[in-house]
Amino acid sequence: MNQRPWGDEVLCAASAPEAREVAPGIHMSPGTSNAYMVLTAGGRVIVNTGLGFEALTHKRNFDAVSTLPTTHILVTQGHVDHVGGVGLFRDPGTRFIAQANNLRCQADDARIAARRQTHSYVWFQEVIDGALEIAAKHPDVVVQDAPVPDELFTDTLVVETGNVRFELLSCPGGETIDNTVIWLPTTRTAFVGNTFGPLFPHFPNFNTVRGDRYRDPLAYLDTLDRVRALGAEVLITGHGLPIEGGALIRACLDRLEAAVRYVHDQTLLGINQGRDIDDIARELRRCRTSCTWARATAGCLGAAAPSGRATWAGSSCAARASCTRPRP
């Protein structure tokens, strides 16, 4: 990606908020998915880089706080709004590290790019129009990066830079097959990105209208267990401000587990009884508003009914072949 001075028109400086320190040494630059900068004694680590054109603003925001070299770029997943600005943040010696399925995730995005854009437009009209405008005005600049990681890991990788230890944990039950949780054990801070969905603690989207892969509810529960076992005191998600307080975080994760497990188990029970999947979904929708359990989960079942089909995709395999863990 070319690096050059940009005017306020491209940077959207009038409307873009400045970086905000959301935890000691951690600054957030808000965007379609937030970008973060972690300051260490040896430089800065960027966690997620936004869409390509957003990265121009993210970099300006972070540079206003610190111009130390970027030692590492880490991402919580390979979706376009996480990797789009990698090239802009690269300094000599910067290492971009991602989970082993990162390039497959990027390839998934590329395959459904047209559908993703048309089906996302109703929610992200301003962002998409802005990106297209910038691309049209600056056709000689590669705005959206499709980066190749310098290093890949499979299950766990420890990165120590400056005085900060980062533990990268593969959590494929999240939004993507390369989903990664970044754990800072010293401060008990977990970057989870969209591991638990676009909103926390909303019931996760196991299927999407834009054509993403189905997501396995059992893998999601495994991922939830792995994150909960960390005992995080700060949870930094892809959108909004961090969630603080170990008791609150655990309570949210417990409620999410109860919601997902209930929908999965009820769907599995129904298909083994030979019931129609739409009947099961209607029953789950009624339960969302009527049963004591649904009220106790404070609305975590908001997407229960549409997620029934994705749960069926995983659960029906169990009914047919005694396999409860289908491939994504």
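This structure is a prediction, so every number in the text was calculated from the model and none was measured.
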(message) Show the nearest heavy-atom pair for residues Ile271 and Ile280, with the distance to one decimal.
(response) N-CD1, 3.7 Å
(request) Starting at CZ of Arg95, measure out to CZ of Arg90 and round the result to the nearest 0.5 Å. (result) 9.5 Å
(request) Look at Asp63 together with Lys59 and state whether they make a salt bridge at an N to O cut-off of under 4.0 Å. (result) yes
(request) Working to the nearest 0.5 Å, report the span between CG of Leu241 and CG of Leu235. (result) 12.5 Å
(message) Given 3.5 Å as the limit, does a donor-acceptor pair link the side chain of Asp276 with the main chain of Asp278, or not?
(response) yes
(message) If hydrophobic clusters are built from ILVMFWY residues whose side chains come within less than 4.5 Å, do Leu184 and Ile97 share one?
(response) yes
(message) Would you say that Asp212 contacts Asp108 through its side chain, given a criterion of any heavy-atom pair below 4.5 Å between the two side chains?
(response) no
(message) Keeping Gln144 on the side-chain end and Gly52 on the backbone end, is there a donor-acceptor pair under 3.5 Å?
(response) yes
(request) To the nearest 0.5 Å, tell me how far Gln106 CD sits from His79 NE2. (result) 10.5 Å
(request) Would you kindly say whether Asn101 and Asp178 are connected by a side-chain donor-acceptor distance under 3.5 Å? (result) no
(message) Tell me if a side-chain donor or acceptor on Asn34 pairs with a main-chain N or O of Gly31 at a distance below 3.5 Å.
(response) yes
(message) With a 4.5 Å cut-off on side-chain heavy atoms, are Pro204 and Val260 touching?
(response) yes
(message) Are Leu51 and Val80 packed together at the side-chain level, in the sense that at least one heavy-atom pair is separated by less than 4.5 angstrom?
(response) yes
(message) Are Pro69 and Asp91 packed together at the side-chain level, in the sense that at least one heavy-atom pair is separated by less than 4.5 angstrom?
(response) yes
(request) Please step through side chain to side chain contact (heavy atoms under 4.5 Å, CB included) for the pair Val158 and Arg165, ending with a clear verdict. (result) CA-CA 7 Å; Val158 174; Arg165 176 185 175 95; 3.4 Å; yes
(message) Would you say Leu218 ends up clustered with Leu253 if hydrophobic residues are merged whenever their side chains have heavy atoms under 4.5 Å apart, either directly or through other cluster members?
(response) yes
(message) Can you give me the closest heavy-atom contact between Pro242 and Val22, atom names plus distance?
(response) CG-CB, 3.8 Å
(request) Treat each ILVMFWY residue as a node, draw an edge where side-chain heavy atoms are under 4.5 Å apart, and state whether Val192 and Val47 are in one component. (result) no
(message) Parallel, tilted or perpendicular: which one describes the rings of Phe62 and His58, with boundaries at 30° and 60°?
(response) parallel
(message) For Trp183 versus Ala190, what's the shortest heavy-atom pair and its separation?
(response) CE3-CB, 3.8 Å
(request) Begin with the C-alpha distance, continue with both residues' side-chain angles, and end with the deciding distance and a verdict on side chain to side chain contact (heavy atoms under 4.5 Å, CB included) for Leu248 and Ile243. (result) CA-CA 8 Å; Leu248 175 62; Ile243 295 91; 3.9 Å; yes
(message) Strictly below 4.0 Å, N to O, side chains only: are Arg255 and Glu257 in salt-bridge contact?
(response) no
(request) For residues Ser33 and Asp81, report the shortest heavy-atom separation together with the two atoms involved. (result) OG-OD2, 2.7 Å
(request) Tell me, with the steps shown, if Thr180 and Val75 meet side chain to side chain contact (heavy atoms under 4.5 Å, CB included). (result) CA-CA 7 Å; Thr180 299; Val75 293; over 6 Å; no
(message) Tell me whether Asp145 contacts the main-chain N or O of Gly87 through its side chain, where contact means a donor paired with an acceptor under 3.5 Å.
(response) yes
(message) What I'd like to find out is whether the side chain of Thr161 reaches to under 4.5 Å of the side chain of His72, using heavy atoms alone.
(response) yes
(request) Without swapping roles, check the side chain of Asn272 against the backbone of Leu268 for a donor-acceptor pair under 3.5 Å. (result) yes
(message) Any salt bridge linking Glu283 with Arg275? Criterion: basic side-chain nitrogen under 4.0 Å from a carboxylate oxygen.
(response) yes
(request) Report yes or no: do Leu168 and Val45 belong to one cluster of Ile/Leu/Val/Met/Phe/Trp/Tyr joined by side chain heavy-atom distances under 4.5 Å? (result) yes
(request) Give the minimum heavy-atom separation between Phe96 and Pro149, together with the two atoms involved. (result) CD2-CA, 3.3 Å
(message) Donor-acceptor pair, distance only, cut-off 3.5 Å: does the side chain of Arg226 make one with the backbone of Ser170?
(response) yes
(request) Please confirm whether the backbone N or O of Asn179 pairs with a side-chain atom of Glu175, one donor and one acceptor, at under 3.5 Å? (result) no
(message) Can you tell me how far apart CZ (Arg228) and CG (Leu224) are? Round to the nearest 0.5 Å.
(response) 5.0 Å
(message) Can you confirm whether Met37 sits close enough to Val65 that some side-chain heavy atom of one is under 4.5 Å from a side-chain heavy atom of the other?
(response) yes
(request) Answer yes if the side chains of Thr76 and Asn194 hold a donor-acceptor pair under 3.5 Å, and no otherwise. (result) no
(request) Could you check if a side-chain atom of Tyr36 sits within less than 4.5 angstrom of a side-chain atom of Phe191, using non-hydrogen atoms only? (result) yes
(request) For side chain to side chain contact (heavy atoms under 4.5 Å, CB included), just list the numbers for Leu256 and Phe200, CA-CA rounded to whole Å, side-chain angles, deciding distance to a tenth of an Å, and then say yes or no. (result) CA-CA 9 Å; Leu256 274 173; Phe200 184 85; 3.9 Å; yes
(message) Rounded at 0.5 Å granularity, tell me how far CG in Leu39 sits from NE2 in His27.
(response) 6.0 Å
(request) With Tyr220 as reference, evaluate Phe206, Tyr214, Phe203 under the ring-ring contact (aromatic ring centres under 6.0 Å, His included) test and give the passing residue. (result) Phe206
(request) Taking the side chain as every heavy atom from C-beta outward, state whether Val159 and Val164 have any atom pair closer than 4.5 Å. (result) no
(request) Please report the shortest heavy-atom distance between Ile177 and Pro172, naming the atom on each side. (result) O-CB, 4.0 Å
(request) Without swapping roles, check the side chain of Thr49 against the backbone of Ala55 for a donor-acceptor pair under 3.5 Å. (result) no
(message) Just by distance, no angles: are the side chains of Glu54 and Thr32 close enough, under 3.5 Å, to form a donor-acceptor pair?
(response) yes
(message) Looking at Asn205 and Asn207, would you say the former's side chain and the latter's main chain have a donor-acceptor pair under 3.5 Å?
(response) no
(request) Check for a donor-acceptor pair, side chain of Thr40 on one end and backbone N or O of Arg44 on the other, with a separation under 3.5 Å. (result) no
(request) Quick one: pull up OG1 in Thr57 and CD in Glu18 and give me the separation to the nearest 0.5 Å. (result) 11.5 Å
(message) Let me check something: do Ile182 and Ile73 share a hydrophobic cluster, defined by ILVMFWY side-chain heavy atoms less than 4.5 Å apart, either directly or through other members?
(response) no
